[in-house]
Number of protein chains: 2
Amino acid sequence: MLPRLTLRRLLEGHHVSCRALGVRLLGSHHNHQREWSGQQQQTRHKQQVLATLAGVGAGIALWMKYNHQTAAKLETADETQKYGVYQNGLPEYTLEDVSKHATIKDRVWVSFGSGVYDITDFIAKHPGGDKILLGAGGSVEPFWALYAVHKNPHVLDLFEQYRIGNLAAQDVGESVKNMDDPYANEPRRHITLKPSSKQPFNAEPPLSLLVDNLITPNELFYVRNHLPVPDIDASTYELELFDEESQKEKTLTLKDIKKYPKQTITATVMCAGNRRSEMIKVKPVKGLSWGQAAVGNATWSGARLCDVLKDMGIEDGKTSAVHVQFEGLDTDPTSMPYGGSIPIEKALDPHGDVILAYEMNGEPIPRDHGYPVRVIVPGVVGARNVKWLGRIIVSKDESNAHWQQNDYKGFAPNVDWDTVDFKKSPAIQELPVISAICEPLEGETVKVKNGKIKIRGYAWSGGGRKIVRVDVSSDEGKNWQAADALESDKARHPRAWGWTIWTAEVPVPKGKSKVQLCVKAVDSQYNTQPENFENIWNLRGVLSNAYHRVNINLAK
Amino acid sequence: MLPRLTLRRLLEGHHVSCRALGVRLLGSHHNHQREWSGQQQQTRHKQQVLATLAGVGAGIALWMKYNHQTAAKLETADETQKYGVYQNGLPEYTLEDVSKHATIKDRVWVSFGSGVYDITDFIAKHPGGDKILLGAGGSVEPFWALYAVHKNPHVLDLFEQYRIGNLAAQDVGESVKNMDDPYANEPRRHITLKPSSKQPFNAEPPLSLLVDNLITPNELFYVRNHLPVPDIDASTYELELFDEESQKEKTLTLKDIKKYPKQTITATVMCAGNRRSEMIKVKPVKGLSWGQAAVGNATWSGARLCDVLKDMGIEDGKTSAVHVQFEGLDTDPTSMPYGGSIPIEKALDPHGDVILAYEMNGEPIPRDHGYPVRVIVPGVVGARNVKWLGRIIVSKDESNAHWQQNDYKGFAPNVDWDTVDFKKSPAIQELPVISAICEPLEGETVKVKNGKIKIRGYAWSGGGRKIVRVDVSSDEGKNWQAADALESDKARHPRAWGWTIWTAEVPVPKGKSKVQLCVKAVDSQYNTQPENFENIWNLRGVLSNAYHRVNINLAK
C-alpha cells in the first residue's frame, strides 16, 4: 500500500489519468469503497482508497469553481440545451478516442453531451487548472449530474470555445447510464426556507423570522450543503480517527461517542457567504446569493473533541500535528468527501469547545444539519463545522479539500479570477464581527411613534468574541446611538460563541418619508465593521460584513 | 482590622472625609505604608491600608478625568496663574473652616491656591462625581502637584464657577509645604523620544525610526507613565499575591520569580490612545495627542503567571475568581497605586502567555518600562501590562482603579462627557486590528521610480490574531493592492502577539504631484479596519484604528 502523499504525487506528477483511476475504484467491489449512488451507506474507507481519492477528487476543483452561481442561473435548463449539441462539419470521435487524450502530453480531451472538447489550453491558462485532469479522457457529465450548478451560461460559453468534435452517437450518454439521481433521497424541508440552490440544497429562513428567538428553531436554521445529503443509519454509524504521527487508528460508534461527558454549548454557525447579495451590488462575485439569514444560533451537545483525542494520546504539547482534518460522509461521484480542517490549537484547547455534536437544540441533529454527528467548531466559519462526520485525521497538513484550499478564503479587492492565487490567503477560520437589521425589512413602511421607530437584528463575532455594543443610525450613518437592549447567553469572552439579538428605538429625522437605517456592531476585542463593501469586495463574495443598510418608508 | 470592602462601604456610605483618613495614613509611621515622596521605596502594604486607600484613592477619579489633556495645554503655567488668586469682596476661611465641610450633608469645600470652593453641586451633577469626596475638606494641591495636567483652562474655568471665598493667608500653600517634587528622580530618556507630556512622562519615538527593526530597541520604545517612576531596589523588591477566595497570601522576591521556568515571548505593547491625534481632527477628545508610534514590539522574558498562581492552588476549574488585578508600585499622593485587571481566563490560560517579565529584549527591564518586574499581558492594551508590579489580587471583582473603571473604555460617537456612563462599557482588553504607514511621512516628497513608490509600516491585532494581509492604496482608497512583504515572528494564531512590518511598492497615478496613501490590515480572524474616524469617534479618543492616510508629494 502506498502512503497517501506518494500516491497523490504519483498521480499528479506523472499525469496519470485520474478519471481512469477514479472509475476503476468506483466500478470495483473494493470492500472499503464508499458508494454514493442510490441509498447511501457508510462503509470503512481505508488509507489507500482515501489516498487515491484525494488525488482524484482534487481534480474536480476547477469545475467546482463554478459551483457557486446564483440560483436563478442554475435551474434554467432551457438555456443549457444549446450546449453540447451535435454540430455539422466537425470530426466524430468515440469515447475510446477521447480516453487516449488524458494527459497534457497527449492533449486533454473531455466530452459533454454530443460534444468533444480539447481543454489543454484552458488548463495551462488557469492557476490550479491542471486539477482538471480528473475529467481528462472522459465525460464531465457524472460531475454535472451532481453539481447542477455547472450548467450555467458562463461556464458553458467558455467550454464551447474548446469544442473540437462530436461524440459518436452510440457513446452519447454512456457515462451517466444507470446512474441514480444523487438527490433522490433528500430530507423534507420547512416550507419557509428560501432556497438559493436546490441541488445541492442551500436555503435560508425569512429574515423577518430570524431573530424571533435567541435560539433558532431547527426547522428555520439555514442549510448549506455542498453535496447530496447522505442517509446514515445511526446504529451502524462509525467515526474513524487517524493520527498521522503515531499511525494510530480508531473507530467510534455513536454509542462510543455518547460515553464521553456530554458538553452542551450555544453556538452560532454562519456561512462565509452570508450577506453576499449585498457585496454583489459593487461588482459580481461567484457564489450563492445569500441574504442576511445564512446564520443561526443553536445549542449543540456532544463529546469534546479534546477528550476523544486525549484517549488517542493526542494532547497539547504531546503532538507535532498542526491541523485536524474532518471529512464528511457526503461524497461526490469519485467518492471524494466534503472536507476541511482547523488548527490543532483550537481542537486541543479545552476551552475551544470543539464538540462531536449529536444533538441540536436538544434533539438528534436533523439530516440537513449532519445526522448523526457533526463537528461543531464554535466561533469558526460554518464550512469547517463538517456535517455527517466520517473521519478525523490529525496531521501536519491542512485539509487538501477544495473547500479548504481553493474556496473559502479572502483576497484584496483588486484580485480577480485571472490573478487569484489561492495559496496566498489563509483558509477562513474565525469570522469577523458582523450584524444585520432584521426588522424592518428593506422597502417596508414603518409607523413612527413619538418620533421614533423600533428596529431589531442580530450581531455576532467569531473567535468567542462577545458583542459589547451595537450602534444604529437612522440617517445613513451621520448620527449613531447604541442599541438599547442586547440579548445573549451568559458566556464570556473568549467563549462567547452565540450571537446577540439587539433592539433599538431610534429617532427619525422630522419631515422625511424615507430614511436609510444602518447598523454596526462592536465586539469584546473592540473590533468593528467596515463601512462599505467597495473596500472589502473579494472575488468569492465572502466576509461580507460591511454596515447593513436598510431603506424604509415612514408612516405617521 | 476591617476587610477592604467593609471599610470602603463605610467610607462612602457615611460620607467620612476620605482625605482626612488619607492624610492620617500618610502622616503616620504605619509599618506597611507606602511612601511616595522623595526616594520611593517598596514596603509591604497590608490589607487594611489597601482597603482604606482603595476607598480614598477612588476619590481622585473625578480629577483624573482631566488627566488627559494635550501636552500643549498642560505646560502653559502662565495661563493657570489667573486661577485660585485672592479675590476682593469674598469671605475668608481658614483650612480648619474648610475641613468642616467634608461631607455632602455639610456641603463639600476644597481649597486651591488662595481660593475656597463649594463643589457640592458639581458632585451631584456628574456620574461618579461623589468620588470627589477624597479632596473634600482640604486642598486639591497635593493632587495637582502630581498631575500637572489638571492645570488646564478647561478644568480651571469649571472649577472657578464654584468659588465661594478666599483662604486665610497663613494657610495658603500649607497643604504642599515640605512636599518633595515627585518627579525629582525620573530616569534619563533617549533624546529622540518626543514627549506628549513630561509629568508624568509620556513619549513616542519618531515614526520614521519605528519600523527599522522588527524588535523595537528599548531606548526607542514608547513610554506611557501615569505617575512618577518609582525607584525600586531589585534586591529588596517583593511581589505580593493575594487570593480573595482562599485568603491565601504570598510574597515573592525577584529571586523567587526567577526560579520559575523562564518563558520568552515576542509581544507588541500599544497604548489604547495610539493614533489619537488623527481622531482629534473629527472633534476634540480628552487625552494625550499620540501620533502613530505609541506602540512597540519587544521580547519579554519572565515567569508565567499561570505557573505562579498554580503554586497558590489557583487553577483553571478550581477557582471561582473572575479577574486578576494588578497594582503598580507607582503611587499617587494618597499612596494609591496605578492598577488594572484582566479576566481570569487570560491569566490562567497556559497559552495566554501572561508573564511576570523581568527582561525586555534580553536586558533587565528599564526603569521606564517597569523595572524590576512588569506583567506582560500579550494581545491586551498597554494599560493592563502594569509596570513596577507590586501586588496581584485574584478576585471576583474587576480592579476598582480609575484606569479600569473610568478611563480606557470605548463608547458610541454620540456619547459625550455630559452623558457618559462608564459602567456601560467594558474595560478595553484586547485591541482591535490596526496599521500605520511609517514611510513616507505626511507631507514628504517622494521620488517615483518606474512609476512606483515604496511604502512601509506596521500592522498588528490584539488577542493573538496574526496579520494575514495588508492592503495599500495610492489613490485615497479607490484601488487597493496587497503589500508585497509581511515580516513577523513565526508565532501562529491565536498566539501571534507580535506585530508585522510590511513593505509595498505601489504604482502612483500618472501626472499627479500629490497623492493620498492609505493602509488597512486584515488579521487572522479576517477582521479589518474601519474606513474613517467619524463613525468610531469616542470621547476618550481610544481605539483609533481607522485607515491611516498620508498625503505626500511626488518627485520625478
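Given the structure is predicted, the values throughout are model-derived calculations rather than measurements.
For chain A, the option among B:N532, B:I536, B:D523, B:V380 with the highest count of heavy-atom pairs below 4.5 Å is B:N532. The greatest number of non-hydrogen atom pairs below 4.5 Å with chain A, out of B:R495, B:Q481, B:R469, is found for B:R469. Ranked by heavy-atom pairs shorter than 4.5 Å toward chain B, the options A:P432, A:P426, A:S524, A:P413 are led by A:P432. In terms of heavy-atom pairs under 4.5 Å with chain A, the best-connected choice from B:P494, B:S461, B:G463, B:G379 is B:G463. Listed options A:Q429, A:K466, A:H493, A:Q525 were ranked by heavy-atom pairs under 4.5 angstrom with chain B; first place goes to A:Q525. Ranked by heavy-atom pairs shorter than 4.5 Å toward chain A, the options B:Y526, B:F411, B:W480 are led by B:Y526. Counting heavy-atom pairs under 4.5 Å between each of A:V381, A:D471, A:N479, A:N545 and chain B puts A:D471 at the top. Among A:V542, A:T528, A:V322, the residue making the largest number of heavy-atom pairs under 4.5 Å with chain B is A:V322.
Within a 6.0 Å sphere centred on NZ of A:K478, heavy atoms belonging to other residues, nucleotides or ligands number more than 12.
Within the 4.5 angstrom heavy-atom criterion, only side-chain atoms of A:D316, from C-beta onward, approach chain B. Only the side chain of A:H351 comes within less than 4.5 Å of a heavy atom of chain B; its backbone N, CA, C and O stay farther away. Residue A:K520 touches chain B through its side chain alone, counting heavy-atom pairs closer than 4.5 Å. Only the backbone of A:L431 comes within contact range of chain B, with at least one heavy atom under 4.5 Å from a heavy atom of that chain. In this structure, chain A has a heavy atom under 4.5 Å from the side chain of B:E345, while its backbone stays farther away. Only the side chain of A:R492 has a heavy atom closer than 4.5 Å to any heavy atom of chain B. There is no contact between A:P350 and chain B, counting heavy-atom distances below 4.5 Å. In this structure, the portions of A:N535 lying under 4.5 Å from any heavy atom of chain B include both its backbone and its side chain.
Under the 4.0 Å criterion applied to side-chain N and carboxylate O atoms, B:E430 and A:R465 are assigned as salt-bridge partners.
In terms of heavy atoms, A:A412 sits closest to B:A482 at CB-N, 4.2 Å.
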